[in-house]
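Input: a single structure, listed below in C-alpha cells.
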Amino acid sequence: MTKYEHLDPQHRALADLPNDERIQWIRAERWISHPAAELALAAMEDLLTYPQRNRMPCLLVHGRTGMGKTMILRKFSRDHPKVIDPRLGLTQMPVVLMQLPPEPAEVPFYEELLGALGLPLVGEVSRIRARRMARDALRIIGARVLVIDEIHALLVGGDRQQRVFLNVIRLLANELEMPLVCAGTPEARRALLTDGGLADRFESVELPRWTSNLAFRRLLASYAAILPLRRPSELDQDRVRTAILKLTEGITVRIVRLLERLAVEAIRGGAERITLEGFEALPARAPLLSMEQRRRIDAVL
Ligand SMILES: Nc1ncnc2c1ncn2[C@@H]1O[C@H](COP(=O)(O)OP(=O)(O)O)[C@@H](O)[C@H]1O
Ligand SMILES: [Mg+2]
C-alpha cells in the first residue's frame, strides 16, 4: 500500500521530514490556485496578448484586504518575468508591477513606476520630465501590461485630487495604448467607476469572501493534499468547513493562517491530522486587533 495516500504524490515525501522541517514548510509562503484567482489570471493573460488599439481594455481585481489580490498580481508577474537578450543586453519586461504610492500625486506615481522598472529617479524632477521619462521607459522596455496594486490609495486624497489622479491614469492608458490592471478594495472600485472615461474600460473580477460552496471545498481539498501531515484530515467535513468560515469570516488570509496553525498544532501534538476537536483544542490566542480596531482599519483602507 502506498504511504500517505491522502497527499498529492509530489508532496508525500515531505510528510516523512522531521517535525521542525515540516513546520517550516507549512509556514513558508506558497501559491494555491482557486477559481476566482484563475479567472483573474486568465483575464490578465488575455490583456497581455491583446492587439494594440486605440482604447485598450483594462481590468480591476477587487476584494477586501487579505482576500489575495497582491498574491494574484505577483503570480502573474512571476509567470511573465523580464527577459534579457544576452547579445544585445536588452531587457524586455512584459509585465510591470507597481504599487500606487501612499500620496496619490503625479510625480510620486511616476517615481514609483520608474522604481518598478529599476530606474529610480534621483533628486527633484519636474512633473513634465517625470511623465516623459516614465512613458519613454515603458516603451523602451517593451511593457505590455501595467499592473497597479493598492489602487485604493487614491482614496486618501480629496475629491479633486482623486479626479486629477484618475485623469493621470486615463491619459497614461490612452497614450501608451497599454492595458492597465488595477487591484484594490471595493471602495476603490466605486471611485474608479465615478470616472466615466475609465468606468467603460474596466472589466472587473471580484474576490468575494469565501462561503460554503464548491470553490471553498476545493480550496480546502487543495490544502489537505499538500499539508505534510501523516494522517488524513477532516477538512472535507461540513462541520469543519462551517467552523473555519465562522472563525475567519471567509477572508483568505485568515483561512490560510488558521490552517497553518492547525497543521502546526497537529504536528506538535502528535495528532498528525486536522480535526474538529483540533479547533476546540486550539490554544486561545488573543487576536492582535479587536474587531472594532479591525473595522476602523478596514474603513481607512
Ligand atoms: N492564492 C493564495 N495562495 C496562498 N496563499 C494566499 C493566496 N491568496 C492569499 N493568500 C494568503 O493571504 C495573504 C494575504 O494576501 P494578499 O494577496 O496580500 O491580500 P490582499 O492584497 O488582497 O490584501 C497572503 O500573504 C497569503 O498568506
Ligand atoms: Mg494587497
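Index from 1, following the sequence. As a basis for the values below, the full set of heavy atoms in this structure was taken, side chains included, without hydrogen atoms, waters or symmetry mates. Counting convention: from 1, in listed order, for ligands and their atoms alike.
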- Query: Quick check: does T70 have an N/O/S atom under 2.8 Å of the Mg ion (ligand 2)?
  - Reply: yes
- Message: With no hydrogens and no angle check, just 3.5 Å: does a side-chain donor-acceptor pair link R241 and N213?
- Response: no
- Is the shortest distance from a heavy atom of R64 to ligand 1 less than 4.0 Å? yes
- Message: Starting from atom 16 (P) of ligand 1, what is the nearest protein heavy atom, named by residue and atom, and what distance separates them?
- Response: G68 CA, 3.7 Å
- Would you sort out whether D79 and K75 count as a salt bridge (Lys or Arg N to Asp or Glu O under 4.0 Å), showing the intermediate values? CA-CA 6 Å; D79 288 347; K75 166 88 169 103; 3.1 Å; yes
- Step through the shown structure and confirm whether more than 12 heavy atoms of other residues, nucleotides or ligands are within 6.0 Å of CD on Q24. no
- Task: Determine, using heavy atoms of G66 and all atoms of ligand 1, whether some pair is separated by less than 4.0 Å.
- Result: yes
- With a cut-off of 4.0 Å, which atoms of ligand 1 are near a heavy atom of T65? 23 (O)
- So which bit of R30 gets within less than 4.0 Å of ligand 1, heavy atoms only: side chain, backbone, both or neither? backbone
- Item | Which of the ligand 1 atoms, numbered from 1, are nearer than 4.0 Å to a heavy atom of W31 | 1 (N), 3 (N)
- Message: Tell me the protein heavy atom at minimum distance from atom 10 (N) of ligand 1, and give that distance in Å.
- Response: M71 CG, 3.9 Å
- Identify the residue among V240, L259, D236 that makes a side chain to side chain contact (heavy atoms under 4.5 Å, CB included) with L220. L259
- Task: Look at the side chain of S77 and the backbone N and O of L73, then say whether any donor-acceptor pair between them is shorter than 3.5 Å.
- Result: no
- Task: May I ask you to check whether R257 has an N/O atom sitting below 3.5 Å from an N/O atom of ligand 1?
- Result: yes
- In terms of atom number and element, which parts of ligand 1 are under 4.0 angstrom from non-hydrogen atoms of V253? 12 (O), 13 (C), 14 (C)
- Do we see a donor-acceptor contact under 3.5 Å between the side chains of S33 and E38? yes
- Message: Let's go through R131 and E106 carefully: what are the C-alpha distance in whole Å and the side-chain angles of both, what is the deciding distance for salt bridge (Lys or Arg N to Asp or Glu O under 4.0 Å) to 0.1 Å, and is it a yes or a no?
- Response: CA-CA 8 Å; R131 181 193 292 168; E106 213 174 335; 3.0 Å; yes
- Assess whether atom CZ of R53 is packed by more than 12 heavy atoms of other residues, nucleotides or ligands within 6.0 Å. yes
- What residue and heavy atom of the protein are closest to atom 3 (N) of ligand 1, and at what distance? I32 N, 2.8 Å
- Find out whether I244 and L235 are in side-chain contact, i.e. whether some heavy atom of one side chain is under 4.5 Å from a heavy atom of the other. yes
- Message: Please list the nearest protein heavy atom to atom 11 (C) of ligand 1 with its residue and the distance rounded to 0.1 Å.
- Response: V256 CG2, 4.0 Å
- Could you find the nearest protein heavy atom to atom 18 (O) of ligand 1 and give me its residue, atom name and distance? T70 CB, 3.9 Å
- Message: Counting only nitrogen or oxygen atoms and a 3.5 angstrom limit, does K69 reach ligand 1?
- Response: yes
